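For reference, the structure discussed in these notes is given below.
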Amino acid sequence: MKEILRQLILDAASTAFENKEFISDDVPAFTIEEPKADAHGDLSTNFAMVSAKALKMPPRKIAETLLRLIGDNHPLIEKTEIAGPGFINFFIRPSAWHPVLMEIHEKEAGYGCSTIGHGQKVQVEFVSANPTGPLHVGHGRGAIVGDSAAALLSACGYEVYREYYINDAGRQIQTLGLSVLLRCRELAGQAVEFPEECYQGDYIKDIADELRREKEGWILTLPEAEAVAFCSRFAADRMIIRIRDVLDSLGITFDNWYSEQAMIDSGKVESAIEKFKSQNVIYEKDGALWFNTTDFGDEKDRVVVRNNGQATYFASDIAYHQDKLDRGFDRIVDVWGADHHGYIPRIRAAIEASGKDKKQFTVILTQLVNLLRQGVPVSMGKRSGQFITLKEVIDEVGRDAVRFIFLTRNYDSPLDFDLEVAKQKTNENPVFYVQYVHARISSILKKAKEESIQTVMGVNDPALADILELIREPEEIQIIKHLARYPEIIRQAAELMEPHRVAFYLMELAGNFHAYYNKHRVLTEDAALTAGRIYLIFAVQKVIRNGLTLLGVSAPDSM
RNA sequence: GCGCCUGUAGCUCAGCUGGAUAGAGCAACGGACUUCUAAUCCGUAGGUCGCACGUUCGAGUCGUGCCAGGCGCGCCA
């Protein structure tokens with residue numbers, strides 16, 4: 001609808017130019033949007049105001065000219081008006097909205113999808129939590145936002161590749177291994193002193209127990225270094241399995257789990273360093289190797305190899321991002337927690353230094369999550385191991401509610417997650433509000449079927465046009481107008497990678513539907529009217545389902 | 001001290017990259033179930049958009065400076 005109007009306006013503008021009524025055919029960017037107030041029509045454009053300067057005409061005068069050229073007998077338009085400082089308001093004929101329903105029924109799950117991505121390859125790297133401890137709710141937020149953003153990109157014609165980067169090398173993993181080894185010895189009855197810097201959580205004991213069952217006393221006979229190395233690998237593997245299981249329970253899967261250790265073993269880190277050395281962006285100072293990130297806008301240069309010969313994690317990060325680009329992705333997206341924001345300049349530096357466009361690299365920074373219970377913060381002590389894990393939250397609250405809550409906030413805002421609120425089946429928890437629409441419609445359709453009412457009409461059914469003429473209640477037109485916006489919402493949400501827009505859209509659509517449901521009956525004595533209304537609500541259901549699917553939330557047939 | 005994020009109704013949050021009279025939900029108050037699911041709906045009340053300047057036809061939105069909160073500033077991971 002917007003596109004039709006846009007074309008109409010552009011045509012009128014160029015006619016005006018040909019008639020020499022406009023002195024320029026240079027059309028500035030103008031918008032067409034749904035006004036907040038119904039009195040301002042169905043759609044409105046600021047064309048006259050934004051082009052006032054270029055045309056050297058007062059906005060209202062421009063608007064008058066345009067409207068005269070558009071004429072007042074266009075089939076879609078009921079009336080037009082000029083308002084305020086120069087808005088042109090269009091009132092659309094109610095029946096003009098009906099084709100939206102036909103489009104939804106034709107496209108089904110494809111309604112809302114687009115091809116704006118043109119098959120560009122996008123890699124989305126998210127979660128990538130270290131396998132040294134269980135996932136917490138902060139990871140959950142990144143996981144859900146990343147997964148949903150990926151789904152949106154996919155729906156918009158990008159070729160999306162989901163990847164998890166496993167930090168399975170370096171000091172932390174050593175510590176993990178040591179922690180497990182010490183717990184093994186403990187289980188064997190040895191007296192051990194458990195250092196503070198080791199991981200304190202009970203999951204370490206669990207893994208030690210698994211290890212003991214599988215290997216019995218064997219591990220205790222190994223020399224310290226070998227034992228730690230073995231425990232490290234064993235524990236990291238077990239942690240990854242746990243992490244994957246939790247993510248699975250949220251409906252999140254990856255195309256690839258990328259091992260840092262494997263990357264190091266393949267020599268990619270070394271060669272990346274060599275490459276940068278030869279480009280003189282890496283230099284030596286005080287016995288260490290430094291990356292000259294300052295030249296690319298960072299605050300200070302960063303160490304890549306320490307003077308003890310050990311590479312830093314940054315070295316791996318450089319190689320990893322090089323590798324991403326080498327694999328041919330047009331765009332790479334990293335989803336990080338806000339506590340990592342200081343890393344953006346250096347990673348961006350690494351990308352620029354390799355001759356790539358920094359615009360190919362985007363970071364989604366999810367702000368922190370405060371876990372509460374009835375308004376009281378739940379402590380998140382890291383070292384103590386005394387924190388509520390993501391798994392516990394999912395088990396308590398449920399997958400759909402967890403996902404929806406994370407997706408009803410802009411990821412850029414800090415988020416209070418109250419466990420008690422998340423469990424409530426009230427409107428404080430809008431996931432049920434939206435799902436209820438789906439269930440209600442399923443229920444109506446089921447009943448219609450039982451009463452042998454035809455529920456599916458073909459687009460080419462000759463009776464369709466007459467039946468749709470009966471769909472003209474204000475609430476019905478309101479719903480269809482809202483349905484018409486869906487594809488644009490999806491495009492916007494994908495471009496900005498802001499899934500919360502979809503969640504809010506769905507809540508609004510749900511509101512429209514519930515109001516309609518309470519005011520009008522779908523199954524009536526009038527067969528034609530009933531058919532039309534079924535056609536309408538069936539479309540609503542499809543859009544609800546499409547939206548929920550993008551958010552990774554189920555669409556139940558009964559509740 | 002420097003950098004990033006946030007500040008909108010009592011609470012939790014939207015606000016479509018600058019549009020018209022700033023919106024939802026919750027909480028409060030008053031109504032609607034013999035009907036296709038009341039996990040719903042209808043109504044009332046609630047605001048100096050942190051503060052101050054600036055940019056322009058027009059600012060919650062953009063710029064600058066303050067104020068408040070969160071996070072980050074290692075040859076740590």
Side-chain angles (χ1 to χ4, degrees), chain A residues 31 33-37 39-40 44-46 49-50 52-53 58-59 83-87 89 130 132 167 170-173 175 285-290 299-300 302-314 337-345 365-368 370 375 405 408-410 412-418 421 424-437 439-448 450-451 485 488-489 492-493 495-496 498 500-501 503-505 507-508 510-511 513-524 530 533-534 537 558-559:
Chain A
T31 60
E33 52 191 42
E34 299 85 11
K36 286 176 213 157
H40 296 140
S44 171
T45 181
N46 62 356
M49 288 175 295
V50 295
K53 240 176 207 157
F87 289 103
N89 296 335
N130 290 339
T132 54
N167 279 117
R171 181 71 155 274
Q172 285 196 139
I173 288 295
T175 306
K285 191 181 90 177
D286 303 332
L289 288 181
W290 297 72
E299 294 171 347
K300 53 172 288 194
R302 310 289 172 178
V303 170
V304 179
V305 179
R306 291 187 268 165
N307 63 9
N308 65 6
Q310 283 194 314
T312 62
Y313 274 76
F314 181 40
D339 50 340
H340 289 83
H341 77 254
Y343 294 75
I344 296 174
L365 277 187
T366 62
Q367 292 296 321
L368 300 189
N370 296 310
I405 287 167
T408 41
R409 265 81 173 178
N410 191 331
D412 227 3
S413 302
L415 160 60
D416 289 334
F417 189 107
D418 194 306
V421 173
Q424 284 173 28
K425 299 193 169 175
T426 67
N427 247 353
E428 192 134 6
N429 208 2
V431 63
F432 303 114
Y433 185 76
V434 175
Q435 287 182 317
Y436 192 37
V437 171
R440 266 186 157 170
I441 293 173
S442 282
S443 175
I444 297 171
L445 294 177
K446 188 175 157 215
K447 172 140 187 169
E450 282 165 9
E451 295 178 8
R485 291 183 56 199
E488 192 187 344
I489 295 287
Q492 253 168 20
E495 274 170 12
L496 301 169
E498 291 181 354
H500 76 277
R501 290 171 186 275
F504 278 91
Y505 169 86
M507 289 191 277
E508 221 176 300
F513 174 79
H514 284 312
Y516 173 62
Y517 177 92
N518 272 274
K519 192 162 175 188
H520 303 284
R521 284 190 61 85
V522 173
L523 306 180
T524 66
T530 300
R533 290 186 170 171
I534 286 176
I537 64 162
S558 68
M559 289 173 73

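Just the heavy atoms: all of them, side chains too, but no hydrogens, waters or symmetry mates, feed the values below. What you are looking at is a predicted structure, and each value in this text was computed from that prediction instead of being measured.
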- Query: When only distance counts, do a donor and an acceptor, one from the side chain of A/Ser44 and one from the base of B/A20, lie under 3.5 Å apart?
  - Reply: yes
**Asked** Does the base of B/C75 carry an N or O that pairs as donor and acceptor with the side chain of A/Tyr313 under 3.5 Å?
**Response** no
Judged by whether its glycosidic angle lies within 90° of 0, B/C51 is anti
Heavy-atom nearest nucleotide on RNA chain B taken for A/Glu498 and for A/Asp286; more 5' hit belongs to A/Glu498
A/Glu34 CD to B/G15 P, in whole Å, measures 15 Å
(Q) Does A/Arg409 reach a base, just sugar-phosphate, or nothing at all? Heavy atoms under 4.0 Å. (A) sugar-phosphate
message = Counting the atoms with a prime plus P, OP1 and OP2 as sugar-phosphate, which does A/Gln310 contact under 4.0 Å by heavy atoms, base, sugar-phosphate, or nothing?
response = nothing
Discussion item. Is it the case that the side chain of A/His514 and the backbone of A/Tyr433 share a donor-acceptor pair, with hydrogens and angles ignored and the cut-off at 3.5 Å?
Written reply: yes
Applying side chain to side chain contact (heavy atoms under 4.5 Å, CB included) to A/Asn370 and A/Asp418, what does each step give before you reach the verdict? CA-CA 8 Å; A/Asn370 296 310; A/Asp418 194 306; over 6 Å; no
**OP:** Tell me what A/Asp412 touches on the nucleic acid: a base, only sugar-phosphate, or nothing, going by heavy atoms under 4.0 Å.
**Re:** sugar-phosphate
TODO: Evaluate the side-chain proximity of A/Ile537 to A/Tyr517: yes if any heavy-atom separation is below 4.5 Å, no if none is.
DONE: no
Where RNA chain B forms runs of at least three Watson-Crick or G-U pairs (i with j, i+1 with j-1, under 3.5 Å), the stems are B:1-7 with B:67-73, B:10-13 with B:23-26, B:28-32 with B:40-44, B:50-54 with B:62-66
Just call it for A/Pro85: base, sugar-phosphate, or nothing, with non-hydrogen atoms closer than 4.0 Å on any strand. base
Taken to the nearest whole Å, CG/A/Leu365 to P/B/C71 is 15 Å
Nearest-angstrom distance, P atom, B/C26 to B/C41 = 8 Å
When all nucleic acid strands are considered with a 4.0 Å heavy-atom cut-off, which category describes A/Ala39: base, sugar-phosphate, or nothing?
-> nothing
Using a distance-only criterion (donor-acceptor N/O pair, under 3.5 Å, no hydrogens), is the base of B/A20 paired with the side chain of A/Asn89? yes
A/Leu523 has its side chain closest, among B/G19, B/C76, B/C36, to B/C36
Could you walk me through whether A/Ile444 and A/Arg533 satisfy the side chain to side chain contact (heavy atoms under 4.5 Å, CB included) test, starting with their C-alpha distance in whole Å, then the side-chain angles of each, then the deciding distance to 0.1 Å, before giving a yes or no? CA-CA 11 Å; A/Ile444 297 171; A/Arg533 290 186 170 171; over 6 Å; no
B/U55 and B/U64: how far apart are their P atoms, nearest whole angstrom?
15 Å
Taking B/C36, B/C75, B/A14 as options, the one with an atom nearest any side-chain atom of A/Ile444 is B/C36
Integer angstrom distance from the P of B/G19 to that of B/A59 | 11 Å
Winner on side-chain proximity to A/Phe87, out of B/A20, B/C36, B/C13, is B/A20
Query raised in the report: Touch check for A/Asn46, heavy atoms < 4.0 angstrom, all strands: base, sugar-phosphate only, or nothing?
Result: base
(request) Answer yes or no: does a side-chain N or O of A/Lys446 lie under 4.0 Å from OP1 or OP2 of B/C36? (result) no
Task: Whole-angstrom distance between B/A52 and B/C5, as gauged at atom C1' - done: 22 Å
To the nearest angstrom, the CD-P distance between A/Glu33 and B/G23 comes to 14 Å
| query | Within the structure shown, what part of the strands sits under 4.0 Å from A/Ala288 by heavy-atom distance: base, sugar-phosphate, or nothing? | reply | base
ask   = Which part of the nucleic acid does A/Ala439 contact within heavy-atom distance under 4.0 Å: base, sugar-phosphate only, or nothing?
value = base
Distance, P atom - from B/G1 to B/G10, rounded to whole angstrom | 32 Å
With A/Arg440 as the cation and A/Phe513 as the aromatic partner, state whether NZ or CZ is under 6.0 Å from the six-membered ring centre and within 45° of the axis. no
note: A/Asp416, atom CG; B/G7, atom P; distance rounded to Å ~ 13 Å
Separation of B/G25 atom C1' from A/His500 atom NE2, nearest Å, is 16 Å
note: A/Glu495, atom CD; B/C16, atom P; distance rounded to Å ~ 15 Å
d(A/Glu451 CD, A/Lys447 NZ) to nearest 0.5 Å is 5.0 Å
### Flag side-chain contact, heavy atom, 4.5 Å: A/Asn89 against A/Ser44
yes
Whole-angstrom distance between B/U8 and B/C13, as gauged at atom C1': 9 Å
Would a 4.5 Å heavy-atom cut-off, applied to side chains only, mark A/Val421 and A/Asp416 as touching?
no
query = Any donor-acceptor pair under 3.5 Å linking the side chain of A/Asn429 with the backbone of A/Gln424?
reply = yes
Is there any protein nitrogen or oxygen under 3.5 Å from a nitrogen or oxygen in nucleotides 39-45 of chain B, and what are the pairs?
residue	atom	partner	partner atom	Å
B/U40	OP1	A/Asn427	OD1	3.0
B/U40	O2'	A/Arg440	NH1	3.1
B/U40	O2'	A/Asn518	ND2	2.7
B/U40	O2	A/Asn518	OD1	3.4
B/C41	OP1	A/Tyr433	OH	2.4
B/C41	O4'	A/Asn518	ND2	3.0

Next item on the list: May I ask you to say what A/Leu496 touches in the nucleic acid, namely base, sugar-phosphate or nothing, with a heavy-atom cut-off under 4.0 Å?
Entry: base
Taking B/C36, B/C75, B/C71 as options, the one with an atom nearest any side-chain atom of A/Val303 is B/C75
Check whether any side-chain heavy atom of A/Asn167 sits under 4.5 Å from a side-chain heavy atom of A/Ile173, and report yes or no.
no
**Prompt:** Once the angle between the rings of A/Phe504 and A/His500 is folded into 0 to 90°, is it parallel (under 30°), tilted (30 to 60°) or perpendicular (over 60°)?
**Reply:** perpendicular
A/Tyr505 OH to B/G15 C1', in whole Å, measures 17 Å
Query raised in the report: So, is A/Arg306 close to the B/C76 phosphate, meaning a side-chain N or O under 4.0 Å from OP1 or OP2?
Result: yes
Among the nucleotides B/C16, B/C75, B/C73, whichever has the atom closest to the side chain of A/Glu299 is B/C73
Checklist entry - Are any side-chain N or O atoms of A/Asn308 and backbone N or O atoms of A/Gln310, one a donor and one an acceptor, separated by less than 3.5 Å? => result yes
From the candidates B/U35, B/G70, B/A20, the one with an atom nearest any side-chain atom of A/Leu368 is B/G70
Against the side chain of A/His341, the closest entry in B/G3, B/A20, B/C5 is B/G3
By nearest-nucleotide position on RNA chain B, the 5'-leaning member of A/Gly287 and A/Lys53 is A/Lys53
Atom CZ of A/Arg302 and atom C1' of B/G72 are separated, to the nearest Å, by 11 Å
Could you give the distance separating B/G50 and B/A68 at their P atoms, to the nearest angstrom?
16 Å
task = For the pair A/Thr312 and A/Arg302, evaluate side chain to side chain contact (heavy atoms under 4.5 Å, CB included) and give the outcome as yes or no after the intermediate values.
result = CA-CA 10 Å; A/Thr312 62; A/Arg302 310 289 172 178; over 6 Å; no
- Quantified in whole Å, what is the C1' atom distance between nucleotide B/A45 and nucleotide B/C57? 35 Å
